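Encoded as structure tokens, the structure appears first; notes follow it.
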Amino acid sequence: MENKQLVEKYIGAIESSVNLKGTTDAQIYLVNNQYIVKTHISDGQATANWYQYNHAFAPQLVYGSNELLIYTYEHQDGNLDRYHIIDIFAKYNPKHVSICDEIYYSNLEQDYKQACSEFNLIPIKNNRPTNELSFHLHGDMGFHNLIVTNVGIKLIDPQPHVGSKAADLLQFYVSDPRIMKLMTITEISKYFDQTSFNYYFPLILADRIVRSSYHHPQDLEFYKKTYNSYISKIK
């Protein structure tokens, strides 16, 4: 393991180390059955910042830099339930930043147009919310990066960028049919400013349709049906 001396400085002697497989190019280790150690990471400092500023829904950050991350290993301790979803929608509070990433919005809208064309979806035109605050987002919030612990939800493996908190939360909501079946779209929409919800929800859902076609095609028809049903109700 690289940076062994630095790791031991923060967590003590390494008594055991298991090399874990992940979906990124990082080297990932479970150390002493208590800590996750990552090396060869991209955007390591931004990832560390997200863990630090979102401690209520993230593992405890022990050390973070561009080269190395150390955070507590969280044990899966239960199944996702409605109260977990309500908790994250009510309490998720990422760090506010003063900058606005216009490329983020441009890509979001461009990807939406492409998804509608590719999957024969009825496009909906909603105006982007004005004077919207920007936040330091997780960027890949979803069921695949979620651990249910004995103290609630923990989220791991952020892909940090700047944007709307509404987009982060809606990405989480549509990330798996199991979440969407626990709470209805109507229930979820009450946690948002209506203008924000109307703008982001169809864009994020269309993006999930594209992702499903590549990564979990068994869910594709569910998402397409959900999208078409939603559009038919608001047109």
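Just so it is clear, the structure is predicted and the values come from calculations on it, not from any experiment.
- Residues that satisfy the ring-ring contact (aromatic ring centres under 6.0 Å, His included) test with Y10, not counting sequence neighbours, are Y63.
- Side chains of Q194 and Y199: a donor-acceptor N/O pair is absent below 3.5 angstrom, by distance only.
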(request) Report the C-alpha distance between F222 and H216 in whole Å, list the side-chain angles of each, state the deciding distance to 0.1 Å, and finish with yes or no for side chain to side chain contact (heavy atoms under 4.5 Å, CB included). (result) CA-CA 11 Å; F222 169 85; H216 38 100; over 6 Å; no
(request) Applying salt bridge (charged side-chain N to carboxylate O under 4.0 Å, His left out), run through E67 and K38 and close with a yes or a no. (result) CA-CA 8 Å; E67 296 79 28; K38 287 189 176 184; over 6 Å; no
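- Residue Y214 is grouped with residue L205 when hydrophobic side chains (ILVMFWY) are merged at heavy-atom distances under 4.5 angstrom, including chains of intermediate members.
- The aromatic ring centroids of Y71 and Y51 lie less than 6.0 Å from each other.
- In terms of heavy atoms, V174 sits closest to R208 at O-CG, 3.3 Å.
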(message) Apply side chain to side chain contact (heavy atoms under 4.5 Å, CB included) to residues L80 and L146 and explain how you reach the verdict.
(response) CA-CA 9 Å; L80 186 69; L146 178 152; 4.1 Å; yes
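- In this structure, CD1 in I70 is found 6.0 Å from CG in L6, a value given to the nearest 0.5 Å.
- Alongside V162, the hydrophobic cluster contains V97, I99 (criterion: ILVMFWY side chains under 4.5 Å).
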For residues 113-130, please give each side-chain donor-acceptor pair under 3.5 Å, one per line with the distance, not counting sequence neighbours.
unit_1, atom_1, unit_2, atom_2, d
N126, ND2, N198, O, 2.7
R128, NH1, E102, OE1, 2.9
R128, NH2, E102, OE2, 3.2

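- When all heavy atoms of L220 and I209 are compared, the pair lying nearest together is CD1-O, 3.4 Å.
- The distance between the ring centers of H55 and Y53 does not fall below 6.0 angstrom.
- I36 and V151 fall into different hydrophobic clusters, defined by Ile, Leu, Val, Met, Phe, Trp and Tyr side-chain heavy atoms under 4.5 Å apart, directly or through other members.
- Counting heavy atoms from C-beta on, the side chains of I156 and P59 come closer than 4.5 Å.
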Distance-only donor-acceptor pairs under 3.5 Å for side chains of residues 84-96, two or more places apart:
unit_1, atom_1, unit_2, atom_2, d
H84, ND1, D81, N, 2.9
D87, OD1, K91, NZ, 3.0
Y92, OH, W50, NE1, 3.4
Y92, OH, D168, OD2, 2.7
H96, ND1, S134, O, 3.0

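- The distance from atom CG of L170 to atom OH of Y200, rounded to the nearest 0.5 Å, is 9.5 Å.
- Hydrophobic clustering (side-chain heavy atoms under 4.5 Å, transitive across Ile, Leu, Val, Met, Phe, Trp, Tyr) keeps I103 apart from L108.
- For N79, the CG atom sits in a loose shell: 12 or fewer heavy atoms of surrounding residues, nucleotides or ligands are nearer than 6.0 Å.
- In terms of the ring-ring contact (aromatic ring centres under 6.0 Å, His included) criterion, residue partners of Y104 (sequence neighbours excluded) are, by chain and number, H161.
- For the atom pair CG of L169 and CG of L137, the computed distance is 9.0 Å after rounding to the nearest 0.5 Å.
- Under a hydrophobic-cluster definition in which Ile, Leu, Val, Met, Phe, Trp and Tyr are linked whenever side-chain heavy atoms come within less than 4.5 Å, directly or via other members, Y83 and I153 are assigned to different clusters.
- Distance CD/Q45 to OG1/T47: 9.0 Å, rounded to 0.5 Å.
- Here the two rings, on F201 and Y230, have centers that are under 6.0 Å apart.
- Pairing each heavy atom of S175 with each of I179, the nearest pair is OG-CD1, 3.6 Å.
- Within a 6.0 Å radius of CD1 in I234, more than 12 heavy atoms belonging to other residues, nucleotides or ligands are found.
- Separation of atoms NE2 (H215) and OG (S212) is listed at 9.0 Å; rounding is to 0.5 Å.
- Distance check, rounded to the nearest 0.5 Å: CG of L182 to OH of Y173 gives 9.0 Å.
- A donor atom on one side chain and an acceptor atom on the other are not found under 3.5 Å apart for T149 and E74.
- Residue Y35 is tested with I11, L30, L69 for a side-chain contact (heavy atoms from CB on, under 4.5 Å); the sole match is I11.
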(request) Kindly determine whether S164 and E132 satisfy side chain to side chain donor-acceptor pair (under 3.5 Å), including the steps that lead there. (result) CA-CA 7 Å; S164 166; E132 187 174 44; 3.1 Å; yes
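- Looking at residues two or more places apart in sequence or on another chain, you find no ring-ring contact (aromatic ring centres under 6.0 Å, His included) involving H144.
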